[in-house]
Number of protein chains: 2
Amino acid sequence: MRKESSTNTLNRNKIHLNCGMAYTLDLIGGRWKPNILWALLDGKLRYSELKKVIPDVSERILVLQLRELEKDGLITRLVYAEVPPRVEYELTNDGQSMKPMLECISDWGDKHRPEKTK
Amino acid sequence: MRKESSTNTLNRNKIHLNCGMAYTLDLIGGRWKPNILWALLDGKLRYSELKKVIPDVSERILVLQLRELEKDGLITRLVYAEVPPRVEYELTNDGQSMKPMLECISDWGDKHRPEKTK
DNA sequence: CTCATTACTTACATTTTAGTCAGTACTTAA
DNA sequence: TTAAGTACTGACTAAAATGTAAGTAATGAG
């Protein structure tokens, strides 16, 4: 939960007003958001498939991160009226438009992080 | 302070191993780091100049963020043996190499954040 | 009637990040 | 001797992010 009036939150919001970079980083900066976005770049995935692709995330956190990405307009959540349930997550156009940027960020990391698994 | 063995930290480190994107985002993701990096893209600045450019940050936090950027090899801290003290912060080559990426992130944000101050 | 399947939710605990406020060290200038 | 300037540091508090463990709902298959 977010106190609307904490200095922390006020600072965040103020920074967003004149720093597009900070705004973007806030959208993609959650612990598992890079993994989620990366996985969805190849096409939509069901909730269970996301879990398989990102095995270390707990369900609670996965759901939280998905909800935030949805709220921020980067992914859509499509629920099929079936039993057992089926829910598909997919990048929106805005989400897709991040692709070159995400690749750029990824490349920088691959080039500069300290050795191993490069 | 960071507990080296919390699930949180273990997850962070594990993710870094196969996700350059997450690694990069961790380096530049602090509350004031985008501002600091952005300011330093135009050349080196003294501590007091950084404070002027980023008026809302508290001194303690500013120092913390600078220390982290230094530890991660993105900036250098140059101390002159003078009184009153003079300390200059400057991007390293690695820091400079982020420029195109940072501009890309910034541009995406400027284009996609909800109206105003665009 | 019981079980399996899927996509969650809830209550709680822990860890990490950010912020506040006061104080320090050193030297020169008045 | 006192004050000014610069770049901090330390003790403390608050807020946000992340993680754990258990439980839920709907329905079709056996």
Side-chain angles (χ1 to χ4, degrees), chain A residues 1-15 22 25-36 44-71 75 77-89, chain B residues 1-15 22 25-36 44-71 75 77-89:
Chain A
M1 221 144 296
R2 200 168 276 173
K3 272 208 174 175
E4 279 313 322
S5 54
S6 68
T7 304
N8 190 335
T9 296
L10 293 177
N11 278 341
R12 185 214 317 267
N13 294 335
K14 191 165 177 189
I15 291 170
L25 290 176
D26 244 33
L27 298 193
I28 63 177
R31 165 74 76 248
W32 303 94
K33 286 180 187 175
N35 300 257
I36 295 171
K44 61 186 169 188
L45 290 175
R46 297 181 60 170
Y47 176 76
S48 55
E49 294 173 318
L50 278 168
K51 275 202 301 180
K52 223 166 293 170
V53 174
I54 311 172
D56 291 324
V57 66
S58 75
E59 302 209 43
R60 188 181 115 79
I61 300 299
L62 177 55
V63 172
L64 277 182
Q65 306 263 302
L66 288 168
R67 292 287 187 278
E68 286 187 17
L69 290 169
E70 191 192 0
K71 171 179 72 55
I75 64 173
R77 175 171 178 270
L78 180 52
V79 184
Y80 294 84
E82 298 175 1
V83 167
R86 181 155 61 107
V87 178
E88 287 179 348
Y89 292 92
Chain B
M1 219 145 296
R2 197 169 275 173
K3 273 208 172 175
E4 278 312 322
S5 55
S6 68
T7 304
N8 190 333
T9 295
L10 293 178
N11 278 340
R12 183 212 319 265
N13 294 335
K14 191 165 176 188
I15 291 170
L25 290 176
D26 244 33
L27 298 193
I28 63 179
R31 166 72 76 247
W32 304 95
K33 286 180 188 176
N35 300 256
I36 294 171
K44 60 187 169 187
L45 290 175
R46 296 181 61 169
Y47 176 76
S48 56
E49 294 173 317
L50 277 168
K51 275 204 302 182
K52 224 167 291 170
V53 173
I54 311 171
D56 291 323
V57 66
S58 75
E59 302 208 45
R60 188 180 113 80
I61 300 297
L62 177 55
V63 172
L64 277 183
Q65 307 264 301
L66 288 169
R67 292 287 187 277
E68 286 187 17
L69 290 170
E70 191 193 0
K71 171 178 71 58
I75 65 174
R77 175 172 179 270
L78 181 53
V79 184
Y80 293 84
E82 297 176 3
V83 167
R86 180 156 61 107
V87 177
E88 286 179 349
Y89 292 93

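Numbered from 1 within each chain, the chains take letters A, B, ... in sequence-line order.
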Mind calculating the distance between CZ (A:Arg12) and P (D:dA16) to the nearest angstrom?
7 Å
Would you say the side chain of A:Glu70 lies within less than 4.5 Å of the side chain of A:Tyr89, judging by non-hydrogen atoms?
no
When all nucleic acid strands are considered with a 4.0 Å heavy-atom cut-off, which category describes B:Ser58: base, sugar-phosphate, or nothing?
base
Applying side chain to side chain donor-acceptor pair (under 3.5 Å), name anything that partners B:Arg86, two or more places apart in sequence or on another chain.
B:Glu82, B:Glu88
Looking at C:dA18, I'd like to know if its phosphate oxygens (OP1 or OP2) sit under 4.0 Å from a side-chain N or O belonging to A:Asn11.
no
Residue met sooner reading DNA chain C from 5', once A:Arg31 and B:Ile61 are mapped to nucleotides
A:Arg31
Hey, is the side chain of B:Ser6 poking within less than 4.0 Å of OP1 or OP2 on D:dT18, counting only N and O atoms?
no
Under a 4.0 Å heavy-atom criterion, the protein footprint on nucleotides 1-12 of chain D, written with B, S and -, is ----BBSBSBB-
Expressed in angstrom and rounded to an integer, what is the separation of B:Glu68 atom CD from C:dT17 atom P?
7 Å
Taking atom P of D:dA14 as reference, at what distance in whole Å does atom CG of A:Leu10 sit?
17 Å
Pairing residues for B:Val57 by the side-chain contact (heavy atoms from CB on, under 4.5 Å) criterion, not counting sequence neighbours:
B:Trp32, B:Ile54, B:Ile61, B:Leu62
Between C:dT17 atom P and A:Leu25 atom CG, what is the distance in whole Å?
15 Å
By side chain to side chain donor-acceptor pair (under 3.5 Å), B:Glu49 pairs with (sequence neighbours left out) none
Atom pair NZ (A:Lys33) and CG (A:Leu64), whose distance is rounded to the nearest 0.5 Å:
9.5 Å
Here the pair of heavy atoms bringing B:Pro34 nearest to B:Ile28 is CD-O, 3.6 Å
For B:Val79, all residues meeting side-chain contact (heavy atoms from CB on, under 4.5 Å), sequence neighbours excluded
B:Arg77, B:Val87
For a quick test of reading the model, state the closest non-hydrogen atom pair linking A:Ser5 to A:Leu10 and the distance between them.
O-CD1, 3.7 Å
Does some side-chain heavy atom of B:Arg31 sit less than 4.5 Å from a side-chain heavy atom of A:Ile15?
yes
Looking only at side-chain N and O atoms, does A:Thr9 come under 4.0 Å of OP1 or OP2 in D:dA15?
no
Return the value, rounded to whole Å, for the distance between atom CH2 of B:Trp32 and atom C1' of C:dG19.
10 Å
At under 4.0 Å, does any side-chain N or O of A:Gln65 touch on OP1 or OP2 of D:dT18?
yes
Compute the bend angle of the helix from C:dC1-D:dG30 to C:dA30-D:dT1 from the end axes (five pairs per end), rounded to 10°.
20°
